[in-house]
Amino acid sequence: MSGGPIPASPLPLAARAPGKCILFGEHAVVHGRPELLLAIDLYTQLLAAPGETMRLNGEAGALRDNPYLSRAMEEIGAAGRPAIDWRTVSSIPRSAGLGSSAALCAALATVLLARQGGGERALLAERAFRLERGAQGVGSPGDTSASVAGGLVSVNSSEGTLLWEVEADGQRWTVRRVTDPGWVWVVCHSGVTRKTADAVRAVGLRLARPDGPALLDRFAATATAGIAAVRSEDREATGRCLRENQELLREVGVSHERLEALIAVAAPLSFGAKLTGAGAGGSIVALPRPGREVELLQKLRAAGGRPFAVRAAPTGATLVPAPP
Ligand code: MEV
């Protein structure tokens, strides 16, 4: 499912990487607690061709303004790089909690690794995380690992087969493959954009209060129960855990009135729904009742959201044929 090692390849190169939604444990994962993520079948594609000047989508300024690409260029250093004409195309809404930056980092790391001789997926996961964390300054490797691995992955859980471990600043996260039950999920962007790093810092302050450790224990218990519910293909139990996780996210202050309105729309047509990603805007994820998916999409759209029916992306970040 992950997609195997990245082979050595010269330019021109094209890579594709999926977005993600977090089913359980966002924010708490930054503090070492368990998380479950689904790589979703919305993708970012990145094309890299030899160029006369370094630019992104035709503009040198766009490259300098993109924190992930400019970070990658700094890492490579002027000496090691011929000019590259970068192009991106994405179906993942930006700043929406659906992994657009993780997918860009995973695609970028795929291209760079291929140019530098290729390598295993664990190395790709480490490189993609380094790009995202380098640009955002905070965060866990959950999002980039899901984009590199595809399918369903757990972080900091004993459930599933070990894929890799990622370290940063003395903290270590374990990433495992969890079998995907094949369910259809609905994600819906509220239209309210926000910065992940701001939400992560605000939750960090909230968790530094005296009841922080007890709250983190509750996040961990909910995510652990949620992972077990998905593994045993129990939709009712999964829905209960989604709702419980949403209560905790409300308690740490990252819900938003637009997210609450969309969750209320999803409630009668789903087993459960919650915000997904950093919150404070962004998106929700719902597990629809079988047969009610289309109605759910219509109602979310009528409520002003931008909904997508998604499934697990069958593979993670990968090279794809570059256009001639
Ligand atoms: C953002 O998609 C998920 C957070 O848990 C941050 C992170 O894990 O890097 C809020």
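Every number for a ligand or one of its atoms is a count from 1 in the order of the listing. Numbers for residues simply follow the sequence, beginning at 1. The figures that follow rest on heavy atoms only: side chains count, while hydrogens, waters and symmetry mates do not.
- Close approach of ligand 1 to Glu26 is summarised as follows: ligand atoms under 4.0 Å from at least one heavy atom of the residue are 5 (O).
- Listed for the Asn57 side chain is a donor-acceptor partner under 3.5 Å among the backbone atoms of Thr88.
- Using a 4.0 Å heavy-atom cutoff, Gly142 is absent from the residues neighbouring ligand 1.
- When each atom of ligand 1 is checked for a heavy atom of Gly139 under 4.0 Å away, the hits are 9 (O).
- The protein heavy-atom contact nearest to atom 2 (O) of ligand 1 is Asp143 OD2, 2.6 Å.
- The closest donor-acceptor contact from the side chain of Thr222 to the backbone of Cys241 lies at 3.5 Å or more, if one exists at all.
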I'd like to know whether Leu275 forms a side-chain contact (heavy atoms from CB on, under 4.5 Å) with Gln246, so could you lay out the CA-CA distance, the side-chain angles of the two residues, the decisive distance to 0.1 Å, and finally the verdict. CA-CA 7 Å; Leu275 72 82; Gln246 176 59 20; 3.6 Å; yes
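- Arg64 CZ: 12 or fewer foreign heavy atoms inside a 6.0 Å radius.
- Counting atoms of ligand 1 from 1 in the listed order, those under 4.0 Å from a heavy atom of Lys20 are 2 (O).
- Scanning the protein heavy atoms around atom 3 (C) of ligand 1, the nearest turns out to be Ile22 CD1, 3.5 Å.
- Near Val30, the atoms of ligand 1 lying under 4.0 angstrom from a non-hydrogen atom of the residue are 5 (O), 6 (C), 7 (C), 8 (O).
- With ligand atoms numbered from 1 in the order given, ligand 1 contributes 5 (O), 8 (O) to contacts under 4.0 Å with heavy atoms of Val29.
- Ligand-side atoms of ligand 1 in range of Val200: 6 (C), 10 (C), range being under 4.0 angstrom from any heavy atom.
- The neighbour count for Arg201 CZ, taken as heavy atoms of other residues, nucleotides or ligands under 6.0 Å away, is above 12.
- On a distance-only criterion, Ser140 and ligand 1 share at least one N/O pair closer than 3.5 Å.
- Checked for salt-bridge contact, Glu244 and Arg218 miss the test: no charged N lies under 4.0 Å from a carboxylate O.
- Classification of Glu247 and Arg243 as a salt-bridged pair fails, no side-chain N sitting under 4.0 Å from a carboxylate O.
- Of all atoms in ligand 1, numbered sequentially from 1 with element shown, those under 4.0 Å from a heavy atom of Gly277 are 2 (O).
- Remark: minimum distance from atom 5 (O) of ligand 1 to any protein heavy atom is reached at His27 N, 2.9 Å.
- Note that the CZ atom of Arg71 and the CG atom of Leu108 stand 12.0 Å from one another [nearest 0.5 Å].
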